[in-house]
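Starting from 1, each residue takes its place in the sequence as its number. When reading the values below, keep in mind they use all heavy atoms of this one structure, side chains included, and skip hydrogens, waters and symmetry mates. Remember, predicted model here, so these are calculated numbers, not experimental data.
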Amino acid sequence: MRVEPETKDLLHGLHLATGGALALISGRSLRDLDLLFPRAALPAAGQHGLERRNDRGHVWRLHVSSDSMSLARARLAALASRYRALVVEDKGLSLALHFRAAPQLERLVHDTVRSIVAELGDGYVVQTGKLVVELRPVGADKGEAIAAFMSEVPFRGRVPVFIGDDATDEHGFAVVNAMGGHSLKVGDGATIARWRVPDVQAVERWLTRADDASPGAAPS
């Protein structure tokens with residue numbers, strides 16, 4: 001993934017304009033987010049909330065069993081060695097199996113990850129996304145990460161706005177809706193988000209106008 005310089009500048013400007021009340025909420029790891037946005041260590045939640053860095057730079061990570069993750073890594077690696085179009089992404093606290101290059105293997109991918117989770121027990125869940133299936137421990141999601149940020153300075157007392165384009169973002173939309181905030185779905189697909197825009201370019205146009213928008217303005 002590549003982030004255009006203009007997008008980096010836009011987010012940096014919004015971070016400054018909001019007094020630091022801008023956070024990245026992602027399925028990617030904090031390490032990957034910092035590579036994508038190297039200008040400043042933004043507040044961020046990585047791996048769907050399994051790790052989180054607050055405004056002061058303190059990082060919290062969920063403790064996971066190394067034995068369980070080692071077993072899961074071995075199983076997914078074995079499958080990927082049989083089907084070279086599959087890609088295993090090891091995020092540290094979670095594992096993702098991408099099948100973008102082989103959509104015909106979707107059933108096999110889902111069945112494999114579910115069987116691993118069943119073997120590991122109640123401490124792990126299956127997380128589905130766009131042409132990817134993840135295995136992750138329970139204990140956090142994007143919604144819980146947003147709730148944690150909203151309880152802290154500089155987010156506390158503000159109206160939350162959350163933008164996402166994947167099924168994994170629905171947890172975040174639910175929390176933001178419950179807080180009376182603005183949830184924004186990018187692209188197609190069923191959603192509980194209050195608003196929808198067609199693509200990333202529409203999001204960037206809206207964010208560019210954010211400083212001039214009224215507090216209750218909806219994206220258009």
Side-chain angles (χ1 to χ4, degrees), residues 1-57 59 87 89 91-92 96 98 100-101 129-132 134 142-143 145-146 148-150 152-155 158-173 175-177 179 181-189 191 193-220:
M1 178 180 178
R2 181 175 181 270
V3 180
E4 297 297 330
E6 295 81 5
T7 302
K8 295 179 183 180
D9 290 343
L10 174 60
L11 292 183
H12 179 66
L14 286 170
H15 183 245
L16 295 177
T18 58
L22 181 144
L24 303 174
I25 313 290
S26 176
R28 294 176 180 268
S29 66
L30 290 182
R31 179 186 60 189
D32 286 348
L33 289 176
D34 287 344
L35 290 174
L36 291 171
F37 300 93
R39 191 167 179 176
L42 296 171
Q47 302 188 61
H48 307 286
L50 295 175
E51 55 180 352
R52 191 174 70 88
R53 179 176 59 225
N54 67 14
D55 179 68
R56 296 179 177 85
V59 176
V87 176
E89 181 184 4
K91 302 179 184 180
H98 298 264
R100 185 176 300 277
K130 291 183 178 179
L131 297 173
V132 62
E134 295 191 43
K142 290 182 179 179
I146 291 172
F149 278 125
M150 295 305 297
E152 302 168 347
V153 174
F155 302 90
R158 296 173 182 255
V159 176
V161 177
F162 178 54
I163 304 168
D165 68 349
D166 205 346
T168 62
D169 297 316
E170 295 300 314
H171 295 116
F173 294 151
V175 168
V176 168
N177 290 347
M179 291 182 173
H182 298 294
S183 51
L184 178 63
K185 168 74 172 180
V186 183
D188 298 329
T191 185
R194 294 181 62 195
W195 314 104
R196 188 191 298 268
V197 292
D199 50 37
V200 173
Q201 290 71 33
V203 174
E204 292 178 342
R205 290 193 297 270
W206 179 54
L207 291 177
T208 300
R209 300 194 305 268
D211 287 342
D212 298 325
S214 61
S220 60

Give a yes or no answer on whether the side chain of [X] reaches the backbone of [Y] with a donor-acceptor pair at less than 3.5 Å.
| X | Y | value |
| --- | --- | --- |
| R194 | G181 | yes |
| R53 | A45 | no |
| R28 | L36 | no |

Requested in this report: Applying side chain to side chain contact (heavy atoms under 4.5 Å, CB included) between E134 and each of K91, Q47, H98, report the one that passes.
Outcome: K91
Side-chain contact test, heavy atoms from C-beta onward, threshold under 4.5 Å: evaluate it for [X] versus [Y] and give yes or no.
| X | Y | result |
| --- | --- | --- |
| E204 | T7 | yes |
| V200 | E4 | no |
| L10 | T208 | yes |
| K130 | D165 | yes |
| V175 | M150 | no |
| L11 | F37 | yes |
| R158 | T18 | yes |

Nearest 0.5 angstrom please: [X] [atom1] to [Y] [atom2], how far?
| X | Y | atom1 | atom2 | value |
| --- | --- | --- | --- | --- |
| I25 | H48 | CD1 | NE2 | 12.0 Å |
| I146 | F155 | CD1 | CZ | 10.5 Å |
| L42 | L14 | CG | CG | 10.5 Å |
| W195 | W206 | CH2 | CH2 | 9.5 Å |

**Report entry** D166 bridged to K142 by N-O distance under 4.0 Å
**Finding:**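 No, no charged N to carboxylate O under 4.0 Å.
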Measure across [X] and [Y] and return the closest heavy-atom pair with its distance rounded to 0.1 Å.
| X | Y | result |
| --- | --- | --- |
| R196 | T191 | NH2-CG2, 3.3 Å |
| A193 | S183 | CA-OG, 3.2 Å |
| G20 | P43 | O-CG, 4.0 Å |
| H15 | L22 | CD2-O, 3.8 Å |
| A44 | L33 | CB-CD1, 4.0 Å |
| V176 | F162 | CG2-CB, 3.6 Å |

Requested in this report: Report the C-alpha distance between E89 and V132 in whole Å, list the side-chain angles of each, state the deciding distance to 0.1 Å, and finish with yes or no for side chain to side chain contact (heavy atoms under 4.5 Å, CB included).
Outcome: CA-CA 10 Å; E89 181 184 4; V132 62; 5.8 Å; no
Query raised in the report: Any chance the side chains of E51 and S29 put a donor and an acceptor closer than 3.5 Å?
Result: no
